[in-house]
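What follows is one structure encoded as structure tokens, with my remarks underneath.
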2 protein chains.
Amino acid sequence: MDRRAIEKGLAAMNGFIKSFFLAVIAFAAVTVASWAQADGGLRATGDLGIVIERATGSVKIIETSGRTELRRVEGFGDLSHASAVYSRDERYAFIFGRDGGLTKLDILTGKIVGRVIQAGNSIGGAISQDGSLVAVSNYKPGGIKVFDSATLELVADIPAIAADGTQSKTIGLVDIPGQKFVFSLYNAGETWIVDFSESRTPKITKFTDIGELPYDALVTDDGRYYIAGLFGEDGLAMLDLWQTEKGITRILDGYGKGEEKLPVYKMPHLEGWAKAGDNIFLPAIGRHEVLVVDQRTWKEVGRIPVHGQPVFVVARPDGRQVWVNFAHPLNDTLQVIDVPSRKIIRSFQPGKAILHMEFTPRGEQVWVSIRDANRVDVYDTRTFERLAEIPAQKPSGIFLAARAHRTGL
Amino acid sequence: MDRRAIEKGLAAMNGFIKSFFLAVIAFAAVTVASWAQADGGLRATGDLGIVIERATGSVKIIETSGRTELRRVEGFGDLSHASAVYSRDERYAFIFGRDGGLTKLDILTGKIVGRVIQAGNSIGGAISQDGSLVAVSNYKPGGIKVFDSATLELVADIPAIAADGTQSKTIGLVDIPGQKFVFSLYNAGETWIVDFSESRTPKITKFTDIGELPYDALVTDDGRYYIAGLFGEDGLAMLDLWQTEKGITRILDGYGKGEEKLPVYKMPHLEGWAKAGDNIFLPAIGRHEVLVVDQRTWKEVGRIPVHGQPVFVVARPDGRQVWVNFAHPLNDTLQVIDVPSRKIIRSFQPGKAILHMEFTPRGEQVWVSIRDANRVDVYDTRTFERLAEIPAQKPSGIFLAARAHRTGL
């Protein structure tokens with residue numbers, strides 16, 4: 001072995017060490033990047049939420065502390081008229097698409113962790129009190145399906161076969177305490193309570209003849225009063241869930257429609273009702289009015305003239321304000337009612353097609369979807385200052401993770 | 001250079017490479033361990049909470065989905081009579097110790113990330129609506145101090161100097177909407193509203209002569225009515241925060257004490273009040289009774305005889321049940337009132353010194369501290385079955401992260 005050979009050997013060795021060093025540096029860099037990502041992923045979810053992008057079947061994950069967008073996730077199918085509920089730990093959003101898709105999204109990682117196409121056409125869902133069951137309301141075939149929230153395995157298939165033997169679309173599906181769900185049969189005019197408290201084979205209680213064409217329903221935030229709007233008649237059908245033996249009571253006959261029939265551009269959402277103090281604020285159907293109802297007597301105690309036909313009538317969490325959006329063609333306006341005076345204290349025109357409003361749980365912010373502006377605006381509810389704007393493709397529903405802790409959504 | 005020298009050189013080089021390899025392997029092992037830890041730490045916080053271990057100045061982090069203990073954290077100082085609030089993202093608990101310590105705990109990692117001794121003796125605190133400010137109520141020196149929730153830097157020091165020039169202990173500190181806090185001056189009988197909405201130099205509004213010795217207070221969950229209990233007289237002092245110009249109103253004269261003076265073993269907690277439907281349930285002072293008050297008229301509408309002097313009177317989130325614990329020496333019993341019938345439907349004797357009850361946000365579980373049994377019990381609120389028991393050293397307050405989303409705690 002001569003010296004040149006040794007030097008060449010050493011040089012090769014150096015080359016080896018050099019590439020080894022480079023590999024180690026690269027490895028360290030990847031490691032640091034992974035750490036950063038892992039550490040970046042380590043966060044709580046109490047201030048997170050999602051915005052539905054209806055046209056593109058995608059979702060934006062946002063956070064309300066800094067009021068920013070975190071990421072965009074695709075692959076949810078048809079999200080027109082989509083809604084969402086959350087797992088009890090506020091980690092997973094269950095997203096109900098119009099095409100019957102039920103998709104489970106991990107809002108920490110932005111990954112879709114489960115997806116089933118469970119019907120042909122569906123409308124909303126709910127999660128049980130203990131978080132173990134997710135129910136979906138279906139138009140086609142009419143009925144509800146209930147899934148295990150961990151695995152998305154089917155737990156119960158409950159076709160909505162009415163007393164007259166026909167199968168009905170289901171609407172107004174909500175969760176109530178005691179592992180129960182309540183929903184109504186659109187075509188048949190029935191309300192059903194489905195009770196999973198004893199087993200995964202539910203006990204079903206049916207109320208028939210509740211009225212013509214229940215089109216949507218709400219439950220009060222204590223889970224006690226279930227109220228279905230009736231498209232086929234004036235008035236609402238109410239069920240006191242603490243005294244179901246009393247059956248359905250009709251309330252607010254003449255509700256909203258008034259004397260003169262008006263064209264209805266969009267049916268209002270009853271889940272967008274507002275409870276403020278002792279009163280409930282409801283959208284009047286087809287009229288440019290918000291109705292004020294005393295919750296003790298279930299009588300109308302006032303009407304507030306507003307800009308257009310109300311769609312969502314939503315109370316700020318403290319009940320001091322009620323925010324209202326409107327049906328086409330007046331859907332470029334948002335109005336704020338001061339509850340004690342029942343006066344409009346603010347009108348905004350942030351853009352065309354204001355589809356949804358969502359308050360942060362303690363009410364300091366409201367997030368507003370403006371579909372045709374491809375934008376979500378965030379307002380300070382005290383000063384009405386616009387705090388942020390977030391681009392989004394045709395945004396519709398906004399659902400914050402804090403919903404996990406609430407009943408009846 | 002001879003061959004042996006070269007071989008020695010190569011051997012040394014191999015040794016270098018060998019140790020290099022070992023270093024790389026060690027580095028990789030550390031890295032993988034860090035990854036594993038980071039991934040293990042990746043979880044949401046909506047189902048987390050803490051249990052105060054009062055005697056040892058420690059805290060247990062628990063979760064309510066599987067009903068287990070996650071870890072124990074030490075170093076909080078004197079936690080007798082401690083309480084806690086949460087950051088808006090549900091990641092950090094701010095723990096108020098009796099010794100004036102304010103400690104910020106990361107419930108995801110179990111690490112204390114900030115701690116200040118801000119007074120000599122303190123009693124509770126609150127977090128502002130937007131989550132940016134944490135306020136602490138102090139006995140010594142009397143007043144409140146307000147801290148930046150991110151850094152724990154002092155933002156405002158507000159000594160409670162009453163109209164007569166004396167410094168008072170402060171009690172009944174709560175947050176209300178609009179970046180405000182409300183508290184009362186024990187010695188002076190005043191209530192103050194501190195408003196941080198415009199700047200970090202607050203505007204202060206004072207109400208004097210509210211009554212003798214306000215000892216605790218509550219605010220209704222909409223943040224509207226602030227009600228202080230008076231130790232020096234019968235009755236409560238109420239302030240309508242939507243109409244502060246009306247000043248303090250006296251309600252429920254004769255509240256609780258009744259005709260005959262009874263020894264009071266422990267002052268009840270007013271923050272443990274219960275709103276269920278249209279009624280408020282309050283502990284009667286010194287009597288074996290729970291008072292039922294109509295929230296519209298603020299008149300007493302009933303009394304429910306109970307096992308002992310009530311301490312906490314807490315409604316299940318749906319308002320269908322009210323759970324009550326009792327003062328020494330009858331503090332081994334827990335009773336459940338059915339709200340519609342106002343009847344006791346269950347009594348438990350799980351052990352001596354039942355100090356606190358905390359419901360999961362949707363009410364399916366209640367967590368109960370049993371100090372002398374060194375145990376926390378978890379009950380199903382529908383079946384009353386005991387679902388879990390968790391060992392804890394002299395447990396007192398239980399605070400779930402879902403409190404982050406609520407006003408007035």
Side-chain angles (χ1 to χ4, degrees), chain A residues 1 3 6 9-10 13 16-17 20 24 27-28 31 34-35 38-39 41-48 63-65 86-91 107-109 129-131 177-179 197 222-224 242-243 276-278 296 317-320 340 360-364 382 401-402 404-407, chain B residues 1 3 6 9-10 13 16-17 20 24 27-28 31 34-35 38-39 41-48 63-65 86-91 107-109 129-131 177-179 197 222-224 242-243 276-278 296 317-320 340 360-364 382 401-402 404-407:
Chain A
M1 223 176 187
R3 192 176 166 163
I6 291 163
L10 279 173
M13 195 72 78
F16 174 70
I17 292 172
F20 206 87
V24 167
F27 182 68
T31 304
S34 302
W35 275 342
D39 196 54
L42 193 67
R43 63 158 295 151
T45 50
D47 58 347
L48 299 188
E63 57 81 32
T64 67
S65 296
Y86 283 90
S87 63
R88 70 196 304 290
D89 64 353
E90 298 186 325
R91 177 160 181 176
I107 60 169
L108 259 184
T109 63
Q129 184 180 32
D130 74 350
Q179 292 293 96
S197 64
D222 55 7
R224 177 167 182 177
W242 289 13
Q243 306 180 76
D278 303 312
R296 281 198 192 186
D318 67 346
R320 179 70 195 258
T360 50
R362 293 175 64 189
E364 75 283 7
R382 187 178 56 81
H405 299 333
R406 291 175 54 201
T407 294
Chain B
M1 224 175 189
R3 193 174 166 162
I6 291 162
L10 279 174
M13 195 71 80
F16 175 69
I17 290 170
F20 207 87
V24 166
F27 182 69
T31 303
S34 303
W35 276 342
D39 196 53
L42 193 68
R43 64 159 294 152
T45 51
D47 57 347
L48 300 189
E63 57 81 33
T64 66
S65 296
Y86 283 91
S87 63
R88 70 196 304 291
D89 63 355
E90 298 185 326
R91 177 161 181 175
I107 60 168
L108 260 184
T109 63
Q129 184 181 31
D130 74 352
Q179 292 293 96
S197 64
D222 55 6
R224 177 167 182 177
W242 288 12
Q243 306 181 76
D278 302 313
R296 279 197 194 186
D318 67 345
R320 180 69 195 258
T360 49
R362 293 175 64 187
E364 76 282 8
R382 187 179 56 81
H405 299 333
R406 291 177 52 202
T407 294

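Only this structure's heavy atoms are used, side chains among them; waters, hydrogens and symmetry mates stay out. This structure is a prediction, so every number in the text was calculated from the model and none was measured. Letters A, B, ... mirror the listed sequences (proteins, then strands); counts begin at 1.
- Distance check: A:R91 CZ to B:L42 CG gives 5.0 Å after rounding to the nearest 0.5 Å.
- Residues B:Q179 and A:R382 are not in side-chain contact: their nearest non-hydrogen atoms beyond the backbone lie 4.5 Å or more apart.
- Comparing A:A44, A:A402, A:P340 by how many heavy-atom pairs each has under 4.5 Å with chain B, the most go to A:A44.
- Interface remark: of the candidates A:T407, A:D278, A:T109, A:D130, A:D278 forms the most heavy-atom pairs closer than 4.5 Å to chain B.
- No donor-acceptor pair under 3.5 Å is formed between the side chain of B:E90 and the backbone N or O of A:T45.
- Contact of B:A404 with chain A is made through the backbone alone, with heavy-atom distances under 4.5 Å.
- Contact annotation for B:R224: neither backbone nor side-chain heavy atoms come within less than 4.5 Å of a heavy atom of chain A.
- Ranked by heavy-atom pairs under 4.5 Å with chain B, the first of A:R296, A:Q243, A:E364, A:R406 is A:R296.
- For A:D47, the side-chain contact (heavy atoms from CB on, under 4.5 Å) test picks out A:R43, A:E63, A:T64, A:S65, B:R88, B:D89, with sequence neighbours left out.
- The shortest heavy-atom contact between B:G319 and A:W242 is O-CH2, 3.4 Å.
- Across all non-hydrogen atoms, the minimal contact from B:H405 to A:G46 is CE1-O, 3.2 Å.
- The greatest number of non-hydrogen atom pairs below 4.5 Å with chain A, out of B:S197, B:A401, B:G178, is found for B:S197.
- Contact detail for A:R362 and B:Q129: the closest heavy-atom pair is O-NE2, 2.5 Å.
- In this structure, chain B has no heavy atom under 4.5 Å from any part of A:S87.
- Partners of B:D318 by salt bridge (charged side-chain N to carboxylate O under 4.0 Å, His left out), not counting sequence neighbours, listed by chain and number: B:R316.
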